[in-house]
Amino acid sequence: MVRRKLFNYEEFAERVRAVVRAIPKGQVMSYGEVATAVGAPRHSRMVARVMTNNYLPDVPCHRIIKSDGSLGGYNRGGVEQKRALLRAEGYTG
DNA sequence: GCGATGACTCAAG
DNA sequence: CCTTGAGCCATCG
């Protein structure tokens, strides 16, 4: 089976969702880490795009932060909310 | 095809 | 701490 299929945003998004959904409580991953986890270490920005445009309540997108520990952003109430969620889960940074 | 944009990343000042 | 600059790559007009 040929799995070439060019860069399918949806396919990519699905993998991202799966990975993000699998992040344990109190644990976070950077965009680059997630991108690498789905097999696309160069697509850190695509991960971000997936979150921005296609986040789901099943996906704890708030567990996705920048590689340097910053929160980056959040489309569900702002970075403040994101930080609060992470702190509530045990992530002190 | 091009230029601008972006929840990115790394390095340097 | 913040700003540039460079790299990376999909998306949009």
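Everything numeric in this text was worked out from a predicted model, so none of it was measured. A, B, ... follow the sequence lines: proteins, then strands. Residue 1 opens every chain.
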Please state how far atom [atom1] in [X] lies from atom [atom2] in [N], giving the value in whole angstrom units.
X        : N       : atom1 : atom2 : result
Arg45(A) : dT11(C) : CZ    : P     : 13 Å
Lys82(A) : dA7(B)  : NZ    : C1'   : 6 Å
Asn8(A)  : dC9(C)  : CG    : P     : 18 Å
Glu33(A) : dC10(B) : CD    : P     : 9 Å
Tyr74(A) : dG6(B)  : OH    : C1'   : 19 Å
Asp68(A) : dA11(B) : CG    : P     : 12 Å
Asn54(A) : dT11(C) : CG    : C1'   : 14 Å
Arg42(A) : dG6(B)  : CZ    : P     : 24 Å

Requested in this report: Mind checking Asn75(A) for me? I need base, sugar-phosphate or nothing, with any heavy atom below 4.0 Å counting as a touch.
Outcome: base
Query raised in the report: Just checking Ser67(A): base, sugar-phosphate only, or nothing, at a heavy-atom cut-off of under 4.0 Å?
Result: sugar-phosphate
Hey, does [Y] have a side-chain heavy atom less than 4.5 Å from the side chain of [X]?
X        : Y        : value
Tyr55(A) : Ile64(A) : no
Tyr31(A) : Lys66(A) : yes
Ser70(A) : Ile65(A) : no

Query raised in the report: Which of the following nucleotides, dG6(B), dT9(B), dA7(B), is nearest to the side chain of Lys66(A)?
Result: dT9(B)
Query - Among dC8(C), dT11(C), dA7(B), the one nearest Arg49(A) by side-chain distance - result: dT11(C)
**Report entry** Residue pair Glu80(A), Arg83(A): steps toward the salt bridge (Lys or Arg N to Asp or Glu O under 4.0 Å) verdict
**Finding:** CA-CA 5 Å; Glu80(A) 293 294 313; Arg83(A) 194 185 324 190; 3.5 Å; yes
**Report entry** Separation of the P atoms in dA7(B) and dG7(C), to the nearest angstrom
**Finding:** 22 Å
Query - Inter-nucleotide C1' distance (dG13(C), dG1(B)), Å rounded - result: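 Rounded to whole Å, the distance is 13 Å.
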Query raised in the report: Does Ser44(A) make a side-chain N or O approach to OP1 or OP2 of dC9(C) shorter than 4.0 Å?
Result: no
Report task. Report yes if a side-chain nitrogen or oxygen of His43(A) is closer than 4.0 Å to either non-bridging phosphate oxygen (OP1 or OP2) of dC8(B); otherwise report no. Result -> no
**Report entry** N/O donor-acceptor pair under 3.5 Å between Arg63(A) side chain and Ile23(A) backbone
**Finding:**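 Checking the backbone N and O of Ile23(A) against the side chain of Arg63(A), a donor-acceptor pair under 3.5 Å is found.
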Requested in this report: Tell whether Tyr9(A) reaches the base of dA10(C) with its side chain through a donor-acceptor pair below 3.5 angstrom.
Outcome: no
